[in-house]
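Note that these values count all heavy atoms, side chains included, but never hydrogens, waters or copies made by symmetry. First the proteins, then the strands, lettered A, B, ... as listed; each starts at 1.
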Number of protein chains: 2
Amino acid sequence: MKDVKARTVFVPPHRERGAVDARIAESGLRPTAQRSVVYGVLLDHAKEHPTADEIFIQAKTEKPEISMATVYNCLDALVKHHLVKQVHLDRAATRYCPNMEEHAHFLCETCGEVWDFEIAVKPRMSGFRVPSGFAVTQREVNMRGVCPACAEQEVVR
Amino acid sequence: MKDVKARTVFVPPHRERGAVDARIAESGLRPTAQRSVVYGVLLDHAKEHPTADEIFIQAKTEKPEISMATVYNCLDALVKHHLVKQVHLDRAATRYCPNMEEHAHFLCETCGEVWDFEIAVKPRMSGFRVPSGFAVTQREVNMRGVCPACAEQEVVR
DNA sequence: AACCTGAATTAGAATAATTCTAAATGTTAT
DNA sequence: ATAACATTTAGAATTATTCTAATTCAGGTT
């Protein structure tokens with residue numbers, strides 16, 4: 001393999017290879033170069049809740065040989081090892097989220113952006129009664145509406 | 001068009017064509033034969049939360065000329081007119097639900113069945129704090145786990 | 001009753017996201 | 001070094017859904 005190393009890639013200061021690899025290793029996964037890049041990209045773009053496609057494009061700037069299949073493989077592995085969550089909104093492409101705290105998602109129907117809403121104190125789904133006999137292992141809350149920026153726009157018009 | 005009328009189709013007693021058509025009309029849609037069949041099938045199988053495919057298969061027994069595209073068209077129309085909700089769980093095929101009361105969905109990860117969980121009294125998503133400035137128009141709650149029947153099975157084993 | 005217009009339906013092609021496959025490459029333990 | 005196994009890769013295959021263009025249908029006119 002010849003040295004195709006990209007010309008000086010910008011690595012944001014808050015993402016350190018070592019730390020990313022350590023987290024991957026802690027989860028029980030071997031920290032390969034690809035997993036490291038994929039997870040790193042996701043951590044850097046957590047706010048955007050990127051799709052596999054978007055992660056692929058970004059990962060390619062850091063590691064040009066990476067393939068789409070690998071991005072999917074890595075994401076699947078990260079999900080299985082509880083480092084990453086999938087976010088499903090309608091039938092749109094799956095988005096990925098490295099925030100493993102229990103939280104809700106809000107989709108702005110005007111601009112399409114996705115926001116994390118912290119969950120209030122109670123870990124129970126108060127408001128929703130779980131019939132006895134059902135064992136709930138996971139909860140998912142998605143909301144839709146208009147974000148502050150888009151609401152503003154509408155008023156101005 | 002020759003008379004292809006199917007040999008005696010069983011129409012469950014609790015679904016009356018008139019009532020179904022009336023609801024479609026009330027929603028502002030013209031109650032065509034296809035919409036009537038699609039909505040009727042969905043009402044009869046609400047518990048199963050069927051996919052477009054499953055609805056198509058069932059609808060075909062009542063109206064053999066119906067096409068998949070029409071099933072999608074009808075479902076889309078019903079969704080737009082607030083007679084039906086889409087249910088998205090993972091990236092699996094969209095399921096349809098004619099229960100328009102606000103409620104949560106529970107997916108049994110063992111048998112794959114989907115259940116409706118009624119919402120308790122409060123219409124607010126207590127437990128979830130919505131940051132000010134965000135206007136929420138829709139909420140969706142999905143839970144996963146094991147249903148009573150499957151839990152039983154596991155114990156027996 | 002034929003006629004017009006727009007809506008609805010249809011079959012089949014197209015698309016998009018994801019999964020699968022088989023070969024190549026990399027890694028770890030012997 | 002070598003075997004054994006995991007990971008990556010390109011590209012093909014799959015799946016659910018949407019699109020397209022032609023046809024049929026329904027309701028309101030002449």
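Rounding to whole angstrom units, CE of residue Met68(B) and C1' of dA13(C) are separated by 16 Å. The distance from atom CZ of Arg91(B) to atom C1' of dT19(C) is 12 Å, rounded to the nearest whole Å. Rounded to whole angstrom, the span from the NZ atom of Lys60(B) across to the C1' atom of dA11(C) amounts to 11 Å. Spacing between atom CZ of Phe56(B) and atom P of dA16(D) amounts to 13 Å, rounded to whole angstrom units. Following rounding to the nearest Å, Asp90(A) (CG) and dT17(D) (P) show an atom-to-atom distance of 12 Å. Leu75(A) has its CG atom 15 Å from the C1' atom of dT7(D), to the nearest Å. The CG-P distance, from Leu89(B) to dT15(D), rounds to 20 Å in whole Å. Atom pair Arg35(A):CZ and dA6(D):P shows a separation of 11 Å (rounding to whole Å applied).
Using a 4.0 Å heavy-atom criterion, one finds that Thr51(A) contacts no nucleic acid atom at all. Within the 4.0 angstrom heavy-atom criterion, only backbone atoms of the sugar-phosphate kind lie near Ala93(B); the bases stay farther away. Residue contacts shown for Thr70(A) include a base, since a base heavy atom lies under 4.0 Å away.
Arg139(B) has a carboxylate O that lies under 4.0 Å from a charged side-chain N of Glu102(B), or vice versa, which qualifies the two as a salt bridge. With respect to the salt-bridge test (charged N to carboxylate O, under 4.0 angstrom), the residues Arg144(B) and Asp90(B) qualify. A salt bridge does not link Glu62(A) with Lys60(A): none of the charged nitrogens is closer than 4.0 Å to a carboxylate oxygen.
Contact check, Thr94(B) against dT17(D): a side-chain N or O comes under 4.0 Å of OP1 or OP2.
Between dT17(D), dT8(D), dT10(C), one nucleotide has an atom nearer to the side chain of Thr32(A) than all others, and that is dT8(D). Closest approach to the Gln34(A) side chain among dT28(C), dT8(D), dA7(C) is made by dT8(D) (side chain taken as heavy atoms from C-beta onward). Each of dT17(D), dT28(C), dT8(D) was ranked by its minimum atom distance to the side chain of Ala52(B); first place goes to dT17(D). The side chain of Asn73(B) has dT10(C) as its nearest neighbour among dA10(D), dT10(C), dT17(D). Considering only side-chain atoms of Tyr72(A), the nucleotide from dT19(C), dC20(C), dT10(C) that sits closest is dT19(C).
Counting only residues at least two apart or in different chains, ring-ring contact (aromatic ring centres under 6.0 Å, His included) contacts with residues 55-102 of chain A are absent.
The aromatic rings of Phe106(B) and Phe134(A) stand perpendicular to each other, their planes meeting at an angle above 60°, with 30° marking the opposite boundary.
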